[in-house]
Enquirer: 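Quick one: this structure, given as C-alpha cells, is what I'll be asking you about.
Computed from a predicted model, the values in this text were never measured in an experiment.
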Amino acid sequence: MRNEAPLVRPVSLDRAGEVVSLEFELPPPIENASSTLVVGLRVVAPDAPTGIRQSDEIIRAQLSARVRLLRVEETSITQVALFRNSPDLQNRIVVGDDGLVPGVTASDVERTQLESAGLVDPSKFYDVLLLAGAKDAKPGHYRLTVELQQDHPELGSDPVQLLIAYMGKGK
C-alpha cells in the first residue's frame, strides 16, 4: 500500500471513532501543485450525478471530525497548523489545537499527481471534499489521525476514500 502522498485509504463514515491512523511521506509538490496539503475525502462513483449526490449527502451530514497532523522529525514531533473552509468557501478558518472540524466542504486537488501515482480510473467520477488543509506543507514524514465525532448510518454504503494530496496552483 502506498505511503507517499498523494495517497488514498478506504474509510467508512457510518460510525464514530478513529477512521484513519497512518504515517506517510510528503514529497515536494510537483510543478502544477501548490504547497497546500489537502486532508480530505474522495468520493468515487460510476458517474457524475451519483458522485455529486453522494458528495452533497456528506456535506449536509455535517461530518464533524477531529483531524491531527503531526510532522515527525528526528529530534521533534510538531503539530501542523490546519485550516478548514467556511461553508460559503469564501474564507479559510484556523482549526483549533483540538483539531475539531465541524464538517466538510467542496474542494479539489491537483489531478496530475493522482494520475502519476496510478490513483485515477478514467471510467470513474471523483469528487474531493476538504476536512482540513495545511498551508505551506514542508516535505517530510507525517502522522495523521482522523476521528469521526458522531455516527452517520446514512453514509455507510457508498465507497469513500481518505485523500492526502496537494492543491493545484491558482490560475
Enquirer: Which pair of non-hydrogen atoms, one from K138 and one from L26, has the smallest distance, and what is that distance?
Expert: O-CD2, 3.5 Å
Enquirer: Could you give the distance from OG (S64) to NE2 (H152), rounded to the nearest 0.5 Å?
Expert: 7.5 Å
Enquirer: Would you mind reporting whether V44 and Y126 have side-chain heavy atoms less than 4.5 Å apart?
Expert: yes
Enquirer: Are the side chain of E73 and the backbone of S76 linked by a donor-acceptor contact shorter than 3.5 Å?
Expert: no
Enquirer: Is the backbone N or O of S21 less than 3.5 Å from a side-chain atom of T145, with the two atoms forming a donor-acceptor pair by type?
Expert: no
Enquirer: For the hydrophobic clusters of this structure (ILVMFWY residues joined by side-chain heavy atoms under 4.5 Å, transitively), does one cluster hold both V109 and I30?
Expert: no
Enquirer: Looking only at heavy atoms, which two atoms of S107 and V38 are closest? And how far apart?
Expert: OG-CG2, 4.5 Å
Enquirer: Under the ring pair (Phe, Tyr, Trp, His ring centres under 6.0 Å) rule, collect the residues that match up with F125, sequence neighbours excluded.
Expert: none
Enquirer: Can you give the donor-acceptor pairs under 3.5 Å from side chains of residues 127-134 to other protein atoms, not counting sequence neighbours?
Expert:
from: D127; atom 1: OD2; to: S55; atom 2: OG; distance (Å): 2.7

Enquirer: For the pair M167 and D108, evaluate side chain to side chain contact (heavy atoms under 4.5 Å, CB included) and give the outcome as yes or no after the intermediate values.
Expert: CA-CA 6 Å; M167 277 188 176; D108 206 2; over 6 Å; no
Enquirer: Sequence neighbours excluded, which residues qualify as ring pair (Phe, Tyr, Trp, His ring centres under 6.0 Å) partners of F24?
Expert: Y142
Enquirer: Is the closest side-chain heavy-atom distance between I164 and L22 below 4.5 Å?
Expert: yes
Enquirer: What's the verdict on side chain to side chain contact (heavy atoms under 4.5 Å, CB included) for L144 and V67, showing C-alpha distance, side-chain angles and the deciding distance?
Expert: CA-CA 7 Å; L144 172 70; V67 180; 4.0 Å; yes
Enquirer: Quick one: list whatever passes side chain to side chain donor-acceptor pair (under 3.5 Å) with D121, sequence neighbours left out.
Expert: S123
Enquirer: For S35 versus D136, what's the shortest heavy-atom pair and its separation?
Expert: OG-OD1, 3.0 Å
Enquirer: Taking CD in Q79 as the centre, count heavy atoms belonging to other residues, nucleotides or ligands within less than 6.0 Å. Is the count above 12?
Expert: yes
Enquirer: Testing the basics here: between L41 and L162, what is the closest heavy-atom pair and its distance to 0.1 Å?
Expert: CD2-CA, 4.4 Å
Enquirer: First locate atom CD of E147, then atom CZ of R66, and finally report the distance between them rounded to the nearest 0.5 Å.
Expert: 6.0 Å
Enquirer: Is a donor on one side and an acceptor on the other found under 3.5 Å between the side chain of Q113 and the backbone of Y166?
Expert: yes
Enquirer: In this structure, would F83 and L69 fall into the same cluster of hydrophobic residues linked by side-chain contacts under 4.5 Å?
Expert: no
Enquirer: Return the CG to CG distance between L148 and D14, rounded to the nearest 0.5 Å.
Expert: 9.0 Å
Enquirer: Got a sec, which residues hit salt bridge (charged side-chain N to carboxylate O under 4.0 Å, His left out) with E25, two or more places apart in sequence or on another chain?
Expert: none
Enquirer: Under a plain distance cut-off of 3.5 Å, with no hydrogens placed, do E23 and H141 share a side-chain donor-acceptor pair?
Expert: yes
Enquirer: Using side-chain heavy atoms (C-beta onward) and a distance below 4.5 Å, is L163 in contact with Q161?
Expert: no
Enquirer: When clusters are formed by joining ILVMFWY residues with side-chain heavy atoms under 4.5 Å apart, either directly or through shared neighbours, do I59 and L13 land in the same one?
Expert: yes
Enquirer: Give every donor-acceptor pair under 3.5 Å between a side-chain atom in residues 95-106 and any protein atom, sequence neighbours left out.
Expert:
from: D98; atom 1: OD1; to: L100; atom 2: N; distance (Å): 3.1
from: T105; atom 1: OG1; to: N85; atom 2: ND2; distance (Å): 3.4

Enquirer: Determine, stepwise, if the pair Q54 / I58 fulfils side chain to side chain contact (heavy atoms under 4.5 Å, CB included).
Expert: CA-CA 6 Å; Q54 186 180 354; I58 295 170; 4.3 Å; yes
Enquirer: Side chain to side chain contact (heavy atoms under 4.5 Å, CB included), that's the test. Do K135 and R92 meet it? Break it down for me.
Expert: CA-CA 10 Å; K135 188 170 170 44; R92 289 184 173 174; 4.1 Å; yes
Enquirer: Ignoring hydrogens and geometry, is there a side-chain-to-backbone donor-acceptor pair from S116 to T112 under 3.5 Å?
Expert: yes
Enquirer: To check you understand the geometry: which heavy-atom pair defines the closest contact between L7 and N3, and what is its length?
Expert: CD2-C, 3.8 Å
Enquirer: Hydrophobic cluster membership, with links at side-chain heavy-atom distances under 4.5 Å among I/L/V/M/F/W/Y: are V8 and V11 in one?
Expert: no
Enquirer: Compare all side-chain heavy atoms of P6 with those of L119 and state whether any distance is below 4.5 angstrom.
Expert: yes
Enquirer: Step through the shown structure and confirm whether more than 12 heavy atoms of other residues, nucleotides or ligands are within 6.0 Å of CZ on R15.
Expert: no
Enquirer: Starting at CG of N32, measure out to NZ of K169 and round the result to the nearest 0.5 Å.
Expert: 7.0 Å
Enquirer: Would you confirm whether R71, through its side chain, and P139, through its main-chain N or O, come within 3.5 Å as a donor-acceptor pair?
Expert: yes
Enquirer: Does S86 reach the main-chain N or O of N91 with its side chain, forming a donor-acceptor pair under 3.5 Å?
Expert: yes
Enquirer: Considering non-hydrogen atoms only, spot the tightest contact between E154 and A61 and give its length.
Expert: OE2-CB, 3.8 Å
